[in-house]
Amino acid sequence: MALTGIKGFNDILPGEVRKWQHVEATARRVFEIYGFAEIRVPVLEKTELFARSIGDATDIVEKEMYSFTDKGGNAITLRPEGTAGVIRSFIEHKLHVADSVAKLYYLGPMFRYERPQKGRYRQFHQIGVEVAGVSDPKVDAQVLTMLCHFFAELGLTEPRLQINSLGCHDCRPDYRRKLQDFLRERLDALCDDCKRRYETNPLRALDCKSTGCKEATVGAPSVLDNLCAGCDDHFTRTRNYLDSAGTAYEINPRMVRGLDYYTRTTFELVTERLGSQSAVAAGGRYDRLIEELGGPDYPGIGFALGVERVVLLLDDEGYGNRPDLFIAFHGEPAGNEAFRLMSRLQRSGVSVEIDYEGKSLKSQMRRADKFKARYTLIIGEDELTRGAAAIKDMDRGIQGEVALDPERIAAVLRSGIEPTAGEGGQP
RNA sequence: GUGGCUGUGGUGAAGCGGUUAACACAAACGACUGUGACUCGUUCAUCCGUGGGUUCGAAUCCCAUCAGCCACCCCA
């Protein structure tokens with residue numbers, strides 16, 4: 001048996017890569033409109049970084065990280081998400097000194113040891129953004145607007161934006177206690193997972209899919225009714241700015257997060273089209289994280305989107321690239337001329353395909369058709385002696401003649417064929 | 001990590017104990033007498049994810065293993 005790849009680690013083959021490039025290029029283009037700059041950080045970080053940022057009681061840190069000891073005895077981990085590394089870099093290089101606002105984006109592979117499914121792999125890719133240094137809700141609304149803008153640019157209008165506020169370190173503990181009080185009498189109705197999490201993370205019950213938990217949490221106190229004055233004001237203003245920007249959203253007071261660092265605004269972009277992998281992008285505010293990791297007392301907000309999931313939402317159409325010209329030839333001398341022309345034309349920016357083996361003319365024409373070449377140049381022996389060859393517009397099926405000269409050929413490719421009398425293609 | 005389903009050529013698939021392992025698409029070549037898309041012809045799985053077992057005989061039954069999918073879990 002031949003060697004195979006690792007489970008959950010996928011090859012992205014040439015046909016698919018075009019979609020990826022489109023997604024990445026769109027992200028870069030849109031994000032730069034909003035003033036974001038790319039940052040590239042390593043794939044490996046010290047294990048401690050993730051334990052401290054994501055939270056060591058979370059599932060990600062507890063059982064999904066690719067952690068190991070390197071030859072120097074250091075505990076290191078393949079990044080399971082992007083925020084921690086970006087923030088670490090922000091702090092380490094004191095980026096806040098150069099500018100009190102940092103607007104960064106990144107893209108690349110992330111790693112989590114999960115059971116693979118469609119839209120969920122062990123090596124997966126995220127495009128993410130982080131803003132450090134602004135607590136004003138304008139930036140919350142701007143980040144969300146940019147995220148929706150990005151999806152709109154891809155022609156994806158179906159994912160819906162859901163927002164919520166998780167409160168801050170002042171009001172969340174109170175809410176949590178309140179919710180625990182509410183759940184205490186209904187503990188029996190909860191699923192085993194939520195029973196287990198009752199102490200550690202009772203909020204999860206709000207988001208649980210089991211019918212028992214759904215019923216038990218009907219009438220549960222809502223986070224949004226229990227925000228402190230500051231958080232409540234922040235959420236209201238965020239919504240006002242979203243309205244002002246024309247960004248559509250819905251409020252989902254049951255949305256919770258799996259990473260511990262989130263505060264205040266949280267959000268998800270959800271789709272119906274990916275089965276249980278419904279979140280295609282998600283993020284939120286993390287006002288304490290930077291300080292907790294040893295940086296300045298800076299607020300932050302960011303999101304990450306799953307590239308695999310976005311690619312899955314894209315249609316297959318329209319990702320082919322058509323060569324400008326296919327050169328068909330007959331005989332060795334014509335082959336040499338074809339090669340010479342191809343080289344010159346390619347150097348001047350024209351994309352040219354050729355049949356390297358010089359098969360039959362029919363075979364070469366078929367290949368030109370398969371490549372969807374716009375034009376085909378046909379060089380035979382008499383064309384060679386005449387110094388001019390037939391050039392065919394493959395879409396229109398008409399044929400003309402052109403001198404065997406790179407510049408004349410390029411000119412025809414630009415302005416089209418003028419059919420020569422007497423000769424010419426049949427439809 | 002838990003539960004369920006699936007695994008036949010590049011793709012979609014038929015076959016369900018004894019067949020030359022159908023068929024369609026794709027692909028390669030050829031015919032239509034130097035030029036693609038239509039039509040026609042030829043070729044294309046010594047082999048049925050892998051390893052073992054049962055049997056006179058297995059792609060078809062059993063076991064294991066690997067992989068994929070779906071749901072849970074979690075999350076982007």
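Values below: all heavy atoms of this structure, side chains included; hydrogens, waters and symmetry mates excluded. Letters go in sequence order (proteins before strands), and every chain restarts at 1.
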Verify the contact: side-chain N or O of A/Arg122 to OP1 or OP2 of B/A76, cut-off strictly under 4.0 Å; return yes or no.
no
Which donor-acceptor pairs under 3.5 Å do the side chains of residues 46-57 of chain A make with protein atoms, sequence neighbours left out?
| residue | atom | partner | partner atom | Å |
| --- | --- | --- | --- | --- |
| A/Thr47 | OG1 | A/Ala75 | O | 3.2 |
| A/Thr47 | OG1 | A/Ile76 | N | 3.3 |
| A/Thr47 | OG1 | A/Ile76 | O | 3.3 |
| A/Thr47 | OG1 | A/Thr77 | OG1 | 2.7 |
| A/Glu48 | OE2 | A/Arg52 | NH1 | 3.3 |
| A/Arg52 | NH2 | A/Glu292 | O | 2.9 |
| A/Ser53 | OG | A/Leu49 | O | 2.9 |

Pairwise ring pair (Phe, Tyr, Trp, His ring centres under 6.0 Å) hits with a residue in residues 255-289 of chain A, at least two apart:
A/Tyr261-A/Tyr286
Between A/Asp369 and A/His125, which residue's closest nucleotide on RNA chain B lies nearer the 5′ terminus?
A/Asp369
Students often get this wrong, so: under 4.0 angstrom with heavy atoms, is A/Glu383 touching a base, only sugar-phosphate, or nothing?
base
Side chain of A/Lys7 only, heavy atoms from C-beta on: which candidate in B/G68, B/G36, B/A76 is closest?
B/G68
Distance check: side-chain N/O of A/Arg257 vs OP1/OP2 of B/A76, anything under 4.0 Å?
yes
Structure string for RNA chain B in dot-bracket form, Watson-Crick and G-U at under 3.5 Å, | interchain
((((((((.[[[..)..(....]]].(((((.......))))).....[[[[[..)....]]]]])))))))....
Quick check: A/Tyr105 with A/Phe36 (ring centres under 6.0 Å apart)?
no
With sequence neighbours excluded, what pairs up with A/Asp355 under the side chain to side chain donor-acceptor pair (under 3.5 Å) test?
none
Under 4.0 Å, heavy atoms only, any strand: does A/Ala304 hit a base, just the sugar-phosphate, or nothing?
sugar-phosphate
Of A/Arg366 and A/Ile60, the one whose closest RNA chain B nucleotide lies more 5':
A/Arg366
Restricting both atoms to N or O, compile the protein contacts to nucleotides 69-71 of chain B shorter than 3.5 Å, with distance only.
| residue | atom | partner | partner atom | Å |
| --- | --- | --- | --- | --- |
| B/C70 | OP2 | A/Lys118 | N | 2.7 |
| B/A71 | OP1 | A/Ser276 | N | 3.4 |
| B/A71 | OP2 | A/Gln117 | NE2 | 3.1 |
| B/A71 | OP2 | A/Ser276 | OG | 3.4 |

Taking atom P in both B/G18 and B/A24, what distance in whole Å separates the two?
24 Å
Just to verify, what does A/Glu381 make a salt bridge (charged side-chain N to carboxylate O under 4.0 Å, His left out) with, not counting sequence neighbours?
none
Reckon A/Ser360 has a side-chain N or O less than 4.0 Å from the OP1 or OP2 of B/G30?
yes
